[in-house]
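Residue numbers start from 1 in every chain, and the chains themselves are labelled A, B, ... in the order their sequence lines are given, proteins ahead of strands.
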Amino acid sequence: MPTRVIMHVDLDYFYAQCEELVRPNIKGKPLVVCVYSGRTEESGVVSTCNYEARKYGVRAGISIVRAKKLLETTEATFLPVNRALYELVSERIMELLKTYGDSFEKVGIDEAYLDVSASTNASFKHAEEVASRIKQGLLYQEQMTCSVGIAPNKLLAKIASDQTKPNGLTVVRPEEVKAFLAPLSVGRIPGVGKKIEEKLIQLKVRTIADLSTLNATILIETFGMNLGNYLYLAARGEDDKPVKEREQPTQFSRIATLKRNTHEITEILPLLYDLATSVTLKLTEKNMTCRSVGVIAILEDLSIHNKSKILEFPTSEECVIRQLSKELMEEFLHAMPSAVVRRVGVKLSILAMATGQADISQYLDE
DNA sequence: CCCTCGATCAC
DNA sequence: CCTCATATCGAGGG
């Protein structure tokens with residue numbers, strides 16, 4: 001494979017930055033975007049916050065109550081998540097970014113990869129100029145900042161964009177890869193979260209330099225074929241996955257918190273039906289069908305349980321999905337009489353584009 | 001190989 | 001003190 005030049009663009013504190021965009025008056029003050037669970041007035045967690053709020057120790061994932069305490073001396077704003085807004089802004093920005101790459105890959109709502117190998121003649125210097133233009137364009141057209149990583153592959157570009165935030169630009173040239181990676185914590189490798197990091201620490205591995213001393217055999221023994229191989233290559237900064245547009249999503253899900261914990265299906269059903277309806281709406285909006293329906297139950301101890309079923313025929317019928325959700329939840333409650341449920345969800349998977357035939361029902365009575 | 005389920009990641 | 005959404009993997013049963 002010839003040397004590639006890959007760019008990873010990460011929009012800074014995206015949800016909060018979108019909110020700043022539509023509320024220029026609060027710019028410069030702490031802003032916290034919250035997921036309110038609806039259980040009590042203030043219950044829920046922080047989704048994202050701007051850097052002013054981070055100065056006070058606010059982080060994604062902490063409770064809203066805690067964030068309010070941390071910010072009680074300030075004129076902070078707390079807003080509920082407004083996904084529709086962020087998706088709108090995201091779509092516009094992605095269209096803009098797309099124009100700069102030979103190929104383009106959107107990853108989630110706030111990040112994207114661009115392969116600029118051909119358009120820059122494989123020049124990192126030139127790519128850096130492209131990145132500057134992207135940053136200027138984004139600021140001018142969308143009043144938004146981003147952090148960019150430029151490197152020989154997606155793995156390194158992503159780690160690089162994470163290196164300097166917000167409003168950063170980090171370039172890792174092929175000859176710099178080893179020195180760049182060596183001191184970083186293994187947790188900086190995408191796919192290495194708390195659990196895998198803990199396992200690695202058991203093996204006395206903290207940095208990527210440490211990781212690179214383990215041979216492939218031990219990694220595969222410890223983490224399985226797939227992850228083991230991935231870690232072996234990641235430690236060396238190797239990744240040959242192409243930048244390519246994502247195909248259709250493969251699942252849709254909705255989850256929400258019950259007003260109070262319960263084991264009673266009757267107490268769960270109204271919410272479960274709402275979720276089934278909402279996720280089915282998403283399915284039909286996308287003109288798709290599903291062949292698997294599942295329910296999620298999160299118990300009072302926060303343990304997560306799934307139950308799903310594959311259908312003989314694809315469906316997008318709300319009544320079918322509702323009915324199956326109910327049956328699956330009943331089965332789960334029956335199988336686990338001790339379960340005290342806190343949150344429930346509905347998940348649709350094995351998706352396909354609808355062909356125009358609503359479902360098989362139209363053939364039943366000809 | 002198909003199905004189901006839990007685990008993990010990361011948004 | 002506890003949100004939401006998605007992708008992917010591995011195990012285990014058939």
Side-chain angles (χ1 to χ4, degrees), chain A residues 10-16 18 32-40 42-49 59-69 80-83 86-87 90 105-112 158 162 186-200 220 222-231 234 241 246-258 261 275 278-279 282-283 286 290-312 328 331-332 335-336 341-351:
Chain A
D10 199 336
L11 302 169
D12 297 325
Y13 60 103
F14 184 59
Y15 289 7
C18 287
V32 185
V33 179
C34 305
V35 188
Y36 290 96
S37 69
R39 180 158 277 217
T40 69
E42 302 266 86
S43 64
V45 297
V46 171
S47 173
T48 332
C49 61
R59 291 287 179 276
I62 72 170
S63 70
I64 296 166
V65 171
R66 220 179 122 198
K68 292 214 161 160
K69 278 185 190 135
V81 283
N82 180 359
R83 274 234 164 211
Y86 316 145
E87 263 159 32
S90 173
E105 178 175 347
K106 173 174 170 154
V107 189
I109 196 166
D110 65 349
E111 47 187 288
K158 180 158 172 81
D162 195 47
V186 285
R188 293 286 301 280
I189 298 172
V192 177
K194 215 172 113 197
K195 298 289 181 174
I196 294 167
E197 188 161 17
E198 267 170 30
K199 255 191 182 179
L200 283 168
I220 289 168
T222 315
F223 297 102
M225 188 56 138
N226 226 292
L227 182 57
N229 252 318
Y230 169 73
L231 290 174
K241 286 198 285 296
R246 300 265 166 133
E247 338 71 56
Q248 300 290 343
T250 63
Q251 60 179 235
F252 296 125
S253 65
R254 285 284 184 278
I255 187 164
T257 305
L258 292 158
N261 298 354
L275 294 168
S278 164
V279 74
K282 171 105 176 182
L283 184 75
K286 301 283 177 182
C290 68
R291 217 176 65 109
S292 171
V293 177
V295 293
I296 306 157
I298 298 175
L299 308 189
E300 58 180 354
D301 65 356
L302 301 185
S303 60
I304 300 170
H305 303 261
N306 302 285
K307 197 155 179 58
S308 64
K309 182 178 268 178
I310 296 189
L311 315 178
E312 191 159 0
L328 286 162
E331 282 173 34
F332 168 75
M336 199 161 169
V341 183
R342 178 187 174 89
R343 308 172 60 213
V344 292
V346 178
K347 179 175 96 166
L348 308 180
S349 52
I350 317 186
L351 307 182

Suppose we screen for side chain to side chain contact (heavy atoms under 4.5 Å, CB included). Which residues come up paired with V81(A), at least two apart in sequence or across chains?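 Once residues adjacent in sequence are excluded, the partners of V81(A) under the side chain to side chain contact (heavy atoms under 4.5 Å, CB included) criterion are Y15(A), V33(A), V35(A), S47(A), Y86(A).
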Applying a 4.0 Å non-hydrogen cut-off, can you work out what [X] is touching in the nucleic acid: base, sugar-phosphate, or nothing?
X: L302(A); result: base
X: G191(A); result: sugar-phosphate
X: I196(A); result: sugar-phosphate
X: R66(A); result: nothing
X: S47(A); result: nothing
X: R291(A); result: sugar-phosphate
X: F14(A); result: nothing
X: V192(A); result: sugar-phosphate
X: A256(A); result: sugar-phosphate
X: T257(A); result: sugar-phosphate
X: K199(A); result: nothing

Would you say a side-chain N or O of [X] is under 4.0 Å from OP1 or OP2 of [N]?
X: R39(A); N: dC1(C); answer: no
X: S37(A); N: dT3(C); answer: yes
X: R83(A); N: dC4(C); answer: no

For chain A and DNA chain B, what are the first and last nucleotides along the strand, 5' to 3', with at least one atom under 4.0 angstrom from a heavy atom of the protein chain?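 Nucleotide range with atoms under 4.0 Å of chain A: dC3(B) to dC11(B).
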When you compare the side chains of S37(A) and S43(A), does any donor N or O come within less than 3.5 Å of an acceptor on the partner?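 S37(A) vs S43(A): donor-acceptor pair found between side chains.
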Hey, are S278(A) and R254(A) close enough side-chain-wise for a donor-acceptor pair under 3.5 Å?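 Yes, because at least one side-chain N or O of R254(A) sits under 3.5 Å from a partner of the opposite role on S278(A).
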For K282(A), which residues count as a salt bridge (charged side-chain N to carboxylate O under 4.0 Å, His left out) partner, sequence neighbours excluded?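 Partners of K282(A) under the salt bridge (charged side-chain N to carboxylate O under 4.0 Å, His left out) test: none.
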Going by salt bridge (charged side-chain N to carboxylate O under 4.0 Å, His left out), name the residues that satisfy it together with R83(A), two or more places apart in sequence or in a different chain.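 With neighbours one apart ignored, the set is E87(A).
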Show me the dot-bracket string of DNA chain C, counting Watson-Crick or G-U pairs under 3.5 Å, with | for pairs to another strand and [ ] for crossing ones. ......||||||||
Starting from the 5' end of DNA chain C, give me the residue, P249(A) or R343(A), whose nearest nucleotide shows up first.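 On the 5' side of the pair lies R343(A).
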B/S/- along nucleotides 8-14 of chain C (protein heavy atoms under 4.0 Å) is -SS----
